[in-house]
Amino acid sequence: MKISDFELFKSLLYERSGLVISPDKSYLLESRLTPIAKKWGLPSLESMTMQLRALPDEKLIKDIVEAMTTNETSFFRDTKPFQIFQDTILPVLLEKRKTRKSIRIWCAASSSGQEPYSLAMILKEKEAELRGWRFEIVATDISDEILDQAKRASYTQFEVQRGLPIQYLMKYFMQFGDSWQLKDEIRNMVRFSNFNLLDNMSRMGTFDIVFCRNVLIYFDEKNKGEILEKIAGQLENDGFLLLGGAETVLGITNKFTPNPEKRGLYIKSDKPASTIVSPRNASAAPSSTSSFTSSLFKRT
Amino acid sequence: MKTCLVVDDSRVVRKVARRILEDISFKCEEAEDGMQAYEYCKSSMPNAILLDWNMPVMSGIEFLEKLRQMPSGTNPKVIFCTTENDMTHIQRAMAAGADEYIMKPFDTDIIRSKFIQIGLIADEE
Ligand SMILES: C[S@@+](CC[C@H](N)C(=O)[O-])C[C@H]1O[C@@H](n2cnc3c(N)ncnc32)[C@H](O)[C@@H]1O
């Protein structure tokens, strides 16, 4: 690929989605964008760059941006964040929101839906305990294509085996040939919409919990910082942020403070660290993985 | 070191499973059918059993039912690993006391994630 063409895609992607692409990834541009050129009836990538320069079509740009997103995800990805959600965050918020009785959760880069649906399944399991509460799970992504997939909620055999306990598969999925369809009782708990993290977030409203996992890794420091600061603006003062395993706020923003014991968990900085510990369950709270597994994966 | 008994009539599957299990630090033992597995368990109970369904002599499900009746037979974690990939089989296996269920084909990721879920290995990051 010509350097000038690489530069064109590089700046287009950076402007539109924040994705930073280095020259050693130009093979990725070629393998993912050649099918887009074909779809648009263009003979080559080169003619696609010519078209982009001459008369940039918004729909073509959108296709390019979507084609370059990485949608890798799985149910209960990394286990721990979901354990933290269930054993640390929920008990605290159930206490703190006991008059309001409503909790809003945002999955800010939800890909094909496994992350918000995992949260929904956890909440479904606790249905009896949560009677009278309103939970809202808002899931957003920049890619319409992946959002459509998320809404369909039909997964391959491979996808339902990575991270999803067999008990959940039995309870919440129906089998159609080779694919596994998530039941409506879980699907209906999640609301999907398109949202670009580079945009103004005020229309999203205020949240108690934000999952923003495995998306900031693709961005530069400037965008990471700006996005985290905007998220801080949408998060209740005693709310919680979860980042991916390779992500951190350290050296990027001081709006959040990491919880030293729970990797990936952050609270807003002006809050005393004690807000993190549940007032009642602090000592009784189970702390090991096995407690999570035993309640999540209990035998029936 | 934890022990995992791999019960499968295919030598190829046993070999692949052994490589994955040794990677996650299990000592691996092999049995070619449910009867061999049963004999093995009489002399020593493994920590985990990776179990095929269809095998000559004694099937996986028959073995599991027998195993759960043995003294200490509830100790091993049993993970079915089979081409039977329909809900009926899954339900039957779980009712008979299986802990997890893998639908073939499997890979390292799937085995690792299932072993983490049932607490056989820790979730190191
Ligand atoms: C690797 S997935 C992460 C999925 C899930 N959060 C997880 O941790 O498994 C990253 C997602 O971020 C989305 N994404 C990339 N840039 C974005 C942006 N500027 N705004 C919103 N979503 C974006 C991609 O479309 C992709 O689905």
Side-chain angles (χ1 to χ4, degrees), chain A residues 72-84 114 118 121 155-181 183 213-214 243-248 262-265 286 288-300, chain B residues 2 16-17 20 24 47-51 53 60-61 64-65 67-68 73-125:
Chain A
E72 168 79 15
T73 187
S74 61
F75 288 104
F76 298 96
R77 180 172 183 178
D78 301 336
T79 324
K80 289 237 169 69
F82 298 92
Q83 180 189 338
I84 292 171
Q114 283 92 327
S118 298
M121 285 186 271
Y155 297 95
T156 63
Q157 176 168 304
F158 182 72
E159 288 168 323
V160 297
Q161 299 213 84
R162 285 178 65 206
L164 185 72
I166 197 74
Q167 301 284 6
Y168 284 16
L169 183 75
M170 290 164 67
K171 255 198 233 172
Y172 300 125
F173 289 78
M174 286 171 308
Q175 187 178 24
F176 293 103
D178 282 344
S179 57
W180 295 84
Q181 174 67 53
K183 290 186 181 168
R213 302 176 59 227
N214 303 302
L243 297 180
E247 296 158 336
T248 179
K262 311 276 174 194
R263 194 156 152 208
L265 177 63
S288 68
T289 320
S290 59
S291 71
F292 173 68
T293 32
S294 60
S295 58
L296 233 192
F297 312 123
K298 62 177 176 278
R299 272 209 197 150
T300 43
Chain B
K2 286 182 179 167
V16 174
I20 296 175
I24 53 175
N47 303 89
I49 301 174
L50 199 65
L51 185 60
W53 194 296
I61 194 80
L64 176 60
E65 281 160 358
L67 171 78
R68 292 309 192 204
T74 50
N75 291 353
K77 301 271 188 198
V78 175
I79 303 101
F80 258 101
C81 186
T82 164
T83 48
E84 304 295 345
N85 64 355
D86 57 281
M87 204 62 110
T88 322
H89 277 88
I90 298 176
Q91 279 162 346
R92 179 150 175 238
M94 299 311 286
D99 294 280
E100 257 297 343
Y101 199 101
I102 293 171
M103 296 173 263
K104 285 177 184 166
F106 59 94
D107 64 6
T108 310
D109 252 14
I110 291 174
I111 297 230
R112 193 192 293 270
S113 101
K114 295 284 184 185
F115 272 51
I116 290 172
Q117 277 163 27
I118 56 178
L120 274 170
I121 52 173
D123 181 15
E124 91 290 343
E125 287 169 51

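All heavy atoms count here, side chains included; hydrogens, waters and symmetry mates do not. Numbered from 1 within each chain, the chains take letters A, B, ... in sequence-line order.
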Within the supplied structure, the quantity of interest is the number of heavy atoms (other residues, nucleotides, ligands) at a distance under 6.0 Å from B:Asp86 CG; does it exceed 12? yes
For the NZ atom of B:Lys114 and the CD1 atom of A:Ile166, what is their distance to the nearest 0.5 Å? 4.5 Å
Is it true that a side-chain atom of B:Gln117 and a backbone atom of A:Gly163 form a donor plus acceptor pair closer than 3.5 Å? yes
Gap between atom CD of A:Gln167 and atom CG of B:Asp99 - 0.5 Å precision: 9.5 Å
Side chain to side chain, B:Ser113 and A:Gln161, heavy atoms closer than 4.5 Å: no
Return the minimal non-hydrogen interatomic distance between A:Gln157 and B:Asn85, and the atom names on each side. OE1-ND2, 3.0 Å
Rounded distance [0.5 Å steps], CE in B:Met87 versus CD in A:Gln175: 6.5 Å
Engaged part of B:Asp107 at the chain A interface, taking heavy atoms whose separation is under 4.5 Å: side chain
Distance, nearest 0.5 Å, that separates CH2 of A:Trp180 from CE of B:Met103: 4.5 Å
